[in-house]
Amino acid sequence: MIPGEFTYHRPSSVAEAVAILANHGDEARPLSGGHSLIPMMKLRMAAPEHLVDLGGIATLKGISEDGDTITIGAMTTQHELIASDLLSAKLPIIGETSRLIADPQIRYVGTLGGNVANGDPGNDMPALMQCLDASYVLTGPDGERQVAARAFYEAAYFTALAPEEILTSVRIPVPAAGHGYAYEKLKRKVGDYATAAAAIVLTMNGGTVSMCSVALTNVADTPLFASEAGQILTGSTLDAETIKRAVAAAEAITQPASDGRGPAEYRTKMAGIMVERALARAAERARS
Amino acid sequence: MNDMTPTREQREAALEGMGCKRKRVEDIRFTQGKGNYVDDLKLPGMLFGDFVRSPYAHAKVTKIDATEALKLPGVIAVLTAEDLKGVNLAWMPTLAGDVQMVLADGKVLYQNQEVAFVVAENRYIADDAIQLVEVEYEELPVLVDPFKSMDADAPVLRPDLEGKTEGAHGPRKHHNHIFTWEVGDKDETSRAFAEADVTIKEMISYHRTHPSPLETCQCVASMDKVNGELTVWGTFQAPHVIRTVASLLSTIPEHKIHVIAPDIGGGFGNKVGAYPGYICSIVASIVTGVPIKWVEDRMENLSTTSFARDYHMTAEIAAKNDGTVTGLKVHVLADHGGFDACADPSKWPAGFFNIVTGSYDFPTAHLEVDGVYTNKAPGGVAYRCSFRVTEAAYCIERAMDILAQKLGMDPADLRIKNFVKPEQFPYQSALGWEYDSGDYHTAMHKAMDTIGYRELRAEQKAKQEAFRRGETREIMGIGVSFFTEIVGAGPSKNCDILGVAMFDSAEIRVHPTGSVISRMGTKSQGQGHETTWAQIIATEIGIPAADIMVEEGNTDTAPYGLGTYGSRSTPVAGAAIALAARKIRNKAQMIAAHMLEVSEYDLDWDIDGFQVKGNPQARKSMKEIAWAAYHAPPPGMEPGLEAVSYYDPPNMTYPFGAYFCVMDIDVDTGVAKTRRFYALDDCGTRINPMIIEGQVHGGLTEAFAIAMGQEIRYDEIGNVMGASFMDFFIPTAVETPHWETDHTVTPSPHHPIGAKGVGESPNVGGVPAFSNAVNDAFQFLGSTHIQMPHDAWRLWQAAKNLGAHG
Ligand SMILES: Cc1cc2nc3c(=O)[nH]c(=O)nc-3n(C[C@H](O)[C@H](O)[C@H](O)COP(=O)(O)OP(=O)(O)OC[C@H]3O[C@@H](n4cnc5c(N)ncnc54)[C@H](O)[C@@H]3O)c2cc1C
């Protein structure tokens with residue numbers, strides 16, 4: 001539980017940070033809140049020789065609205081996500097999800113950028129970002145590019161992020177006013193990663209679902225965007241038969257690991273139950 | 001009398017003696033971060049030790065090459081078994097009569113076993129060096145399932161025992177067999193079963209778990225080569241025993257070894273035994289001549305030092321149709337891991353498991369325990385329970401529920417029918433114990449009335465019908481547990497540790513100004529001894545608890561004692577304290593008589609001093625007497641006012657309690673919610689009700705954790721799973737149920753103040769209450785017994801197997 005030796009860098013601009021990363025290639029890692037990276041270093045599952053602390057880069061913080069898009073700086077902490085009035089009004093599912101992450105101490109330092117860049121299927125924000133169809137802004141030596149959250153995750157700890165790139169912000173299209181939403185997470189205790197979790201955003205028109213987006217946490221080696229489940233629900237009146245089909249479609253794409261949270265079979269079923277429960281809450285919240 | 005004279009009540013209250021909810025004095029430093037723990041100790045020149053550990057559960061160690069590690073700047077030494085052989089310490093004796101490798105001697109028997117000890121200038125370098133020590137292993141077949149330990153073709157785990165057919169506790173019948181322990185009357189029990197109207201039989205497992213104190217095991221060893229003196233600071237629940245063992249192993253004379261246990265951050269049994277970390281630190285300090293610190297990390301703690309439980313208990317009860325029990329038969333398969341390092345009194349290979357008849361009047365019983373080796377970590381400590389008592393209580397409390405189910409009787413009624421009756425005490429149990437006192441009926445009825453037991457049963461019935469109609473996906477369980485503990489080890493006639501009788505001790509010294517220093521052979525790890533010991537003394541000698549300092553843990557100053565575990569401190573040291581105090585009071589009485597110029601027989605004790613019979617104005621307070629003891633003792637009397645007492649208890653004490661748990665389980669997720677938990681404890685005389693309540697809250701929280709998911713698991717090749725707080729279930733305040741506590745008081749007749757001990761009751765009684773609630777919930781779906789731990793996925797699995805998912 002003692003990390004290996006490393007050199008600590010604290011750049012004050014993104015350009016400087018990217019330069020350090022580019023200089024050291026695979027040996028360097030960005031450090032945000034450190035609440036995923038440092039435990040891995042203590043277990044010597046990660047042994048970066050250079051740590052590039054992003055904490056000194058002021059431009060990486062903050063939440064802003066620009067037309068139909070909300071942009072959240074990578075260094076915004078999970079606590080700040082909960083405290084944001086803008087998010088509470090426009091994207092309340094972000095606060096709801098943040099509250100289910102770890103505990104207050106960790107949320108004070110853990111960042112959105114770190115959470116989505118980490119690539120751990122246990123993180124809650126990636127599936128939520130897929131559900132919301134967010135994009136990640138990545139900055140490297142050759143400038144900036146955007147990658148959709150739905151296309152970012154390749155395997156556990158493997159993402160579209162290049163070693164010399166920094167994830168600088170997350171851009172989220174604001175869902176329609178009056179949308180229903182819910183993040184349902186089954187966990188063993190406070191501070192635990194999900195046994196299974198589901199994020200749902202939907203809009204209702206009369207009694208009919210006009211848009212529905214579903215994503216799943218920790219039931220495969222990446223977050224899962226359950227596009228088929230969303231399609232099945234869209235256009236439906238959320239009758240029992242349709243819900244059953246959507247749940248089955250969501251369960252079908254899961255490939256969970258068997259671990260202390262339970263065998264794969266259980267975690268798949270729990271993904272289904274989380275979808276069902278999130279759907280019920282989201283529908284109840286949606287204003288037609 | 002003028003108005004300023006305090007009333008009797010005021011004088012009594014000023015003492016803060018027994019029965020007072022006195023605030024814990026130690027909390028002043030703990031809550032300010034001013035505790036003084038082993039890891040706070042920094043000595044000049046101190047080096048750090050850390051272990052190279054085995055990644056394999058069973059393997060030959062063919063080569064250890066430290067060349068690269070030794071090249072790393074700051075690395076001082078790398079010790080292996082070969083080095084330890086030079087000082088005859090490659091192996092060490094265990095408390096259970098076995099021997100244990102200190103460092104891998106040719107092979108490893110469990111994952112994370114200690115292979116080499118790296119000594120470096122700091123912890124960072126030590127950890128870097130560990131990665132550089134090259135060890136070659138040759139994997140061997142792994143034995144994980146204790147039920148396969150004694151198969152004919154099971155791998156030989158302990159070649160060192162080859163051909164030894166006699167173990168520390170009798171004959172061995174297989175190369176992986178450790179002992180068979182048999183108690184009771186086999187023939188008589190067989191007869192009871194042959195004649196029974198009804199019998200039940202169930203294999204009830206109590207899974208492997210771990211005490212997991214907040215502070216891990218650690219020590220600093222410092223050898224002063226000039227004076228030949230060794231000082232060891234460590235997280236020791238039994239510092240004197242550690243000193244004796246260190247002396248026997250190192251051949252350093254006992255008076256030249258100083259063992260100091262400073263503040264300890266929880267023990268729960270984890271810190272009773274001796275571990276390779278201690279031995280290696282001592283050896284390394286002897287070799288280098290400088291202090292060596294060793295501090296376990298969390299994963300090392302959970303995976304190597306002192307697991308608990310791992311008992312697989314096949315219980316059978318014989319009964320009449322009316323529910324009267326007529327016989328009990330239990331066979332236990334005990335998984336001890338790679339070495340038998342159980343921390344029990346030496347003659348008790350399965351601890352006091354023969355308390356398994358519980359609170360019930362079994363006319364006859366028979367018990368057999370088989371201990372076996374597997375490729376798992378050694379330990380077998382009493383995790384907040386007197387030796388193997390929690391296993392026994394779980395076994396009988398589950399079995400009684402299963403019998404009730406078979407008979408179609410209410411489980412509370414079945415218990416009441418079979419309780420040992422108040423007039424039967426002192427009660428001789430079929431398996432050899434003499435229960436000192438109890439009033440089970442009163443406790444049970446009080447508990448049932450308070451919780452509204454019959455109404456809860458009616459509610460449960462309605463819920464079951466609603467479930468059947470498809471109106472709810474929740475099922476409700478009511479867990480009943482009525483436990484009898486056996487604590488206070490123990491009488492020298494049957495309890496010793498490595499030959500040292502399990503007495504305990506107290507020394508009390510009253511200073512001329514009437515303040516007190518007192519020292520005991522016990523060692524608090526959070527139990528609050530500094531507070532409660534002072535309260536006993538305060539009541540006994542009439543000096544305010546605030547003027548009494550309690551010191552434990554330094555073998556140079558404290559009288560010899562066997563330490564704190566097994567709820568033994570109050571039953572044993574608590575008695576020694578009362579008796580030492582009474583010696584002081586007796587001497588004080590003679591001094592007071594001299595001062596008041598009366599015969600000592602003409603004096604009455606009155607709260608905080610002596611007064612002349614019939615003339616209460618003529619009195620001397622203890623403060624005045626203390627001054628006189630140093631200033632003008634009666635002619636011919638030795639000056640001073642102090643006493644020592646070593647107490648060898650005549651019997652154990654038998655606390656008991658009635659616990660009820662009400663639980664709702666979501667069958668679709670397996671998530672269980674404890675709606676109510678009521679705990680009535682009878683621990684005899686109550687010294688500090690607030691501390692008792694704190695102990696009960698803590699113990700119940702552990703019981704909740706154990707029953708509902710806390711587990712040390714192994715996969716089929718012996719990898720220890722979940723040995724970190726990510727997986728090992730330590731509930732937070734969010735998960736922990738609300739506790740309702742209550743009590744009755746049935747003093748122990750043989751204890752000087754009637755106290756029985758309470759620290760472990762909630763763990764012992766709590767686990768069956770939770771498990772019985774779970775099992776009770778599932779019963780109407782056709783289930784008889786669901787094994788612990790009852791975490792969500794296992795309850796979901798149970799619901800699925802019972803057809804609850806449609
Ligand atoms: C006990 C505990 C419980 C937890 N429970 C949960 C939980 O339930 N759900 C959950 O989602 N999380 C949980 N976490 C993780 C926590 O939310 C982390 O804070 C978060 O995953 C990572 O954010 P961070 O800012 O701490 O990132 P860091 O740990 O600093 O970094 C994580 C990884 O991302 C990389 N990285 C960080 N920032 C950037 C960036 N801007 N650009 C490119 N790469 C970057 C780092 O190099 C590293 O590889 C838990 C953590 C702990 C310790």
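So you know, we letter chains A, B, ... as the sequences are listed, proteins then strands, and number each from 1.
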Heavy-atom distances under 4.5 Å only: say whether [X] touches chain A with side chain, backbone, both or neither.
X        : result
B:Gln131 : side chain
B:Glu300 : neither
B:Ile730 : both
B:Arg794 : neither

* Residues A:Arg277 and B:Asp666 bridged, charged N to O under 4.0 Å -> yes
At their closest point, which heavy atom of [X] faces which heavy atom of [Y], and how far apart are they?
X        : Y        : value
A:Pro263 : B:Trp793 : CD-CE3, 3.2 Å
B:Glu735 : A:Val190 : OE2-N, 2.7 Å
B:Tyr124 : A:Pro3   : CD2-O, 4.0 Å

* **Heavy-atom check, side chain of A:Pro39 versus side chain of B:Met726, under 4.5 Å** => no
* Do A:Met1 and B:Arg123 have side chains that get closer than 4.5 Å, going by heavy atoms? -> no
Does [atom1] belonging to [X] count more than 12 external heavy atoms closer than 6.0 Å?
X        : atom1 : value
B:Glu474 : CD    : yes
B:Leu214 : CG    : no
A:Glu154 : CD    : yes
A:Asp239 : CG    : yes

If you round to the nearest 0.5 Å, how far is [atom2] of [Y] from [atom1] of [X]?
X        : Y        : atom1 : atom2 : answer
B:Asp668 : A:Ile273 : CG    : CD1   : 4.5 Å
B:Trp796 : A:Leu186 : CH2   : CG    : 12.0 Å
B:Ser724 : A:Lys42  : OG    : NZ    : 12.5 Å

* Structure fact -> Pair count under 4.5 Å, heavy atoms only, with chain B: among A:Met270, A:Glu5, A:Lys269, highest is A:Met270
* Side chain A:Lys189, main chain B:Thr732, donor-acceptor under 3.5 Å -> no
* To do: Indicate yes or no for a side-chain donor-acceptor contact from A:Arg261 to the backbone of B:Asp727 under 3.5 Å, with no hydrogens or angles considered.
  => no
* Please state whether the side chain, the backbone, both or neither of A:Arg44 comes within less than 4.5 Å of a heavy atom of chain B. => side chain
* To do: Check each atom of A:Asp259 against the heavy atoms of chain B and say whether the ones under 4.5 Å are side chain, backbone, both or neither.
  => backbone
* To do: Please determine, among B:Val671, B:Asp791, B:Thr669, the option with the most heavy-atom pairs under 4.5 Å with chain A.
  => B:Thr669
* Pick whichever of B:Val734, B:Asp128, B:Asp715 has the most heavy-atom pairs under 4.5 Å with chain A. => B:Asp128
